[in-house]
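In what follows, a single structure is set out as structure tokens and then discussed.
Reminder, nothing fancy here: chain letters follow the sequence lines and each chain counts from 1. Computed from a predicted structure; not experimentally measured.
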Number of protein chains: 2
Amino acid sequence: MARVAGVSRSTASYALSGKRTISPEVRLKVAEAVASLGYTPNAGARALATSQTKVIALLAQFLDDEFAPAMLQYILGVTNTARQLGYDTLLVSEGDGAAALQRISSSRMVDGFVLLNVAQDDERLGVLQSASQPGALVGLPGETGDFDIFDLDFVATGRLMVERMSELGHRELILVSQPEHVVERGGAYVWRLANAASERAEELGVTLHHYFGSASQPEIGRDLNAFLDAHPDATGLLLNNEAAAAALPNVLNMRGISSPGDLSVIGRYSDDFARTFSLPYSAIDSAADELGRRAVEHLVARIEAAADLAVEPLIELIPPTIQDRGSTAAPQPR
Amino acid sequence: MARVAGVSRSTASYALSGKRTISPEVRLKVAEAVASLGYTPNAGARALATSQTKVIALLAQFLDDEFAPAMLQYILGVTNTARQLGYDTLLVSEGDGAAALQRISSSRMVDGFVLLNVAQDDERLGVLQSASQPGALVGLPGETGDFDIFDLDFVATGRLMVERMSELGHRELILVSQPEHVVERGGAYVWRLANAASERAEELGVTLHHYFGSASQPEIGRDLNAFLDAHPDATGLLLNNEAAAAALPNVLNMRGISSPGDLSVIGRYSDDFARTFSLPYSAIDSAADELGRRAVEHLVARIEAAADLAVEPLIELIPPTIQDRGSTAAPQPR
DNA sequence: CTGAAAGCGCTTACAG
DNA sequence: CTGAAAGCGCTTACAG
């Protein structure tokens, strides 16, 4: 390219980067050469020379009972934001996330990592700690270390669900969580929400029955019926379980009851999920795309920060907000 | 690393690649040094020296009315297969796919491309044609050129749906396709299926009513009711529209009819989709993960093929198979 | 069986 | 304002 433009390789490089002043004529000649050749710098060579790849890795974990569309929201939040900031995204879906992180880090394929679905005791964190590239976590682990962490505030979410029901006059609630094995494999958010809800209920003098529900149909439909049968006086239903939310319309239909007349409902799932299933329930948005976006923004800031001004570790728990779809009301007098 | 092992850089490199015979002692020393340092070759340097990145790009298109879970199936099929073959995957979700393809190709970030959701007249194909890396298409375009193409055989799918119904004795069918604007933006598979179904119906003396349905709830529910109202004598329903399949259980419920007793149903959607929505209808699997897998396998074969033995362009249309879920039967005498 | 050297295509101090 | 040169970390003919 430099030859075509009739200048030296260094001048051409500077003309492209703008890192030193270039005479108008040279600038024009370089621009013409670039245009005529369709020239783009070789990414590998640039990476080698600058130690910057302009790529980030997205470490996704595809768990069998995870709800796929939610995953896609995260992925899109990450790739789109990364691209806006000048980065491409390497999508890593290997089962062994720790090994993949090690491999990609030490081969210096990327400038940073976004870890999705971080568990209570996530084996990837040890590897990330000793990696030479920074990382941002989506999901709050037990040990926060010096990591940048982004998650929905599940404690505030549990409290908010109960408070909203209590304000409306409900005194007996049912909370349906994800299956217990989600907790076992490190999904601590399930407990964080459930514990916060229980505590807040106690403070407010509200009875709260907590259950783990199945993660798929038709089991979760049977579960919901069983829970409702067990507590005929409960007037409010809280759902921290996407399959339960998807199954509920049919269950209510079958039982011949309606929301919010007979039962007030608050869920916790993404707006996108609600749209896909046409769910008519008020819900706290899980904010997947926003979490993905914030994680990338902060990761890139850290990547590009001058080494001398250290960026403080950041834990950002997004406050819950209820998207009102009209599924809550005061309990009906019986 | 070579210094730690006490050998030359070239010997170390050969010891790792195995491209020439190495004495056992040296091999051991190198292995030890690699292990102790956690050494992995620098990807950028290797790419520069070999002109191979061991990365493929996945060009996804996220269309607003596309069903997200299907997308994820493709993505997983691609990333998992690529990894098995020794490649990482760059996920590209930019709106302007042609520009992204141009940028990534000319910067030589990847060894090849997988294009998802290829449309009838896809603007990315011109760029791919003149790219220096090979590509594999998922989705059959109008001009096949010299590309490697993978898709479900939608012509055979349309014929099979009609044949199955005809064999059972149905004489009047309704086909609900994706919305018309899907066709307009290049989703030719909609027409390929519909035309093949119509032709086959004519051959077999079966009446087929073809409609475009909405892509989301609750509109598609209203659409289905309207179609069923318009043709009270139709005994079979063919669905090439995922939203319609998801909405159908409720629609049938409301109308007080059941499948296959009152209405035989055959859909076209992925097994994963069926599981997510607990759909009880027999359907032709759209085989997203298999298409992703086949595309990557062939792409890698082409990447790694010696330049002298040219690989023939391949168009692979996967034959449809009906996953029987018991939603078809002989029509009831009225 | 092993080593010294060239080269991949960039960027960036170093000179002028 | 511009050019000649070194160097990023590998791989691979070329010698021995």
Side-chain angles (χ1 to χ4, degrees), chain A residues 1-34 37-55 86 88 103-111 132-133 303-304 306-307, chain B residues 1-34 37-55 86 88 103-111 132-133 303-304 306-307:
Chain A
M1 188 274 279
R3 194 173 48 244
V4 173
V7 299
S8 74
R9 304 155 53 39
S10 55
T11 301
S13 179
Y14 282 116
L16 284 177
S17 69
K19 287 192 183 165
R20 74 182 183 192
T21 40
I22 300 282
S23 69
E25 309 93 71
V26 170
R27 201 200 319 270
L28 186 66
K29 280 196 295 184
V30 170
E32 279 172 355
V34 165
L37 300 179
Y39 171 85
T40 312
N42 180 297
R46 171 174 274 178
L48 189 55
T50 63
S51 305
Q52 278 203 63
T53 63
K54 289 290 179 176
V55 177
D88 282 296
R103 173 175 65 81
I104 290 168
S105 170
S106 70
S107 67
R108 284 158 202 283
M109 296 178 73
V110 305
D111 297 337
S132 47
Q133 303 91 345
I303 289 171
E304 298 182 348
Chain B
M1 188 277 279
R3 196 173 47 244
V4 172
V7 300
S8 73
R9 306 156 49 40
S10 56
T11 302
S13 178
Y14 282 117
L16 285 177
S17 69
K19 288 192 181 165
R20 73 182 184 191
T21 39
I22 301 283
S23 70
E25 310 94 70
V26 170
R27 203 201 317 269
L28 186 65
K29 281 196 295 184
V30 169
E32 279 171 355
V34 165
L37 299 178
Y39 171 86
T40 311
N42 180 297
R46 170 173 275 180
L48 191 54
T50 62
S51 306
Q52 278 204 61
T53 63
K54 289 287 177 179
V55 178
D88 283 295
R103 175 175 64 81
I104 290 168
S105 170
S106 69
S107 66
R108 283 154 203 284
M109 298 178 71
V110 305
D111 297 337
S132 45
Q133 303 91 346
I303 289 171
E304 298 182 349

(message) Please give me the minimum heavy-atom distance between A:Asn42 and A:Gly44, naming the atom from each residue.
(response) OD1-N, 2.9 Å

(request) Please work out if A:Ser13 contacts a base, only the sugar-phosphate, or nothing of the nucleic acid, heavy-atom cut-off 4.0 Å. (result) base

(request) For the pair B:Thr53 and B:Gln133, evaluate side chain to side chain contact (heavy atoms under 4.5 Å, CB included) and give the outcome as yes or no after the intermediate values. (result) CA-CA 11 Å; B:Thr53 63; B:Gln133 303 91 346; over 6 Å; no

(message) Between P on C:dT2 and CG on B:Leu16, what's the gap in Å once rounded to a whole number?
(response) 14 Å

(request) Measure from the side-chain heavy atoms of B:Arg9 and tell me the nearest of C:dG9, C:dT12, D:dC10. (result) D:dC10

(request) Could you tell me the separation between the CD1 atom of B:Ile22 and the C1' atom of C:dG3, rounded to a whole number of Å? (result) 11 Å

(request) In whole angstrom, give the distance that lies between atom OH of A:Tyr39 and atom P of C:dT11. (result) 6 Å

(message) From the set C:dT11, C:dA13, D:dC8, return the single nucleotide nearest to any side-chain atom of A:Tyr14.
(response) C:dA13

(request) Please state whether the phosphate of D:dT2, meaning OP1 or OP2, lies under 4.0 angstrom from any side-chain nitrogen or oxygen of A:Ser23. (result) yes

(message) Does D:dG3 have OP1 or OP2 under 4.0 Å away from a side-chain N or O of A:Thr11?
(response) yes

(message) Without decimals, in angstroms, what is the distance between A:Lys29 NZ and D:dT2 C1'?
(response) 11 Å

(request) Go ahead and name the base partner of D:dT2; Watson-Crick or wobble counts if both distances stay under 3.5 Å, otherwise write none. (result) C:dA15

(message) Applying a 4.0 Å non-hydrogen cut-off, can you work out what B:Ser10 is touching in the nucleic acid: base, sugar-phosphate, or nothing?
(response) base

(request) Send over the distance from A:Lys54 NZ to C:dC10 P, rounded to a whole Å. (result) 17 Å

(request) Write down the distance between CZ (A:Arg46) and P (D:dG9), rounded to a whole number of angstrom. (result) 18 Å

(request) Hey, could you give me the CG/NZ distance between B:Asp111 and B:Lys54, rounded to the nearest 0.5 Å? (result) 7.5 Å

(request) May I ask you to test the B:Ser51-B:Arg108 pair for a side-chain heavy-atom distance under 4.5 Å? (result) no

(message) If you compare every side-chain N and O of A:Ser8 against the phosphate oxygens of D:dT2 (OP1, OP2), does one of them come in below 4.0 Å?
(response) no

(message) Among D:dG9, C:dC10, D:dC10, which nucleotide has an atom closest to any side-chain atom of A:Leu48?
(response) D:dG9

(request) Could you check how far CG of B:Asn42 sits from P of C:dG9, rounded to whole Å? (result) 17 Å

(message) What I'd like to find out is whether the side chain of A:Thr11 reaches to under 4.5 Å of the side chain of A:Lys29, using heavy atoms alone.
(response) no

(message) Looking only at the side chain of B:Val7 (C-beta and beyond, no hydrogens), which of the listed nucleotides D:dG9, C:dG3, C:dT12 gets closest?
(response) C:dG3

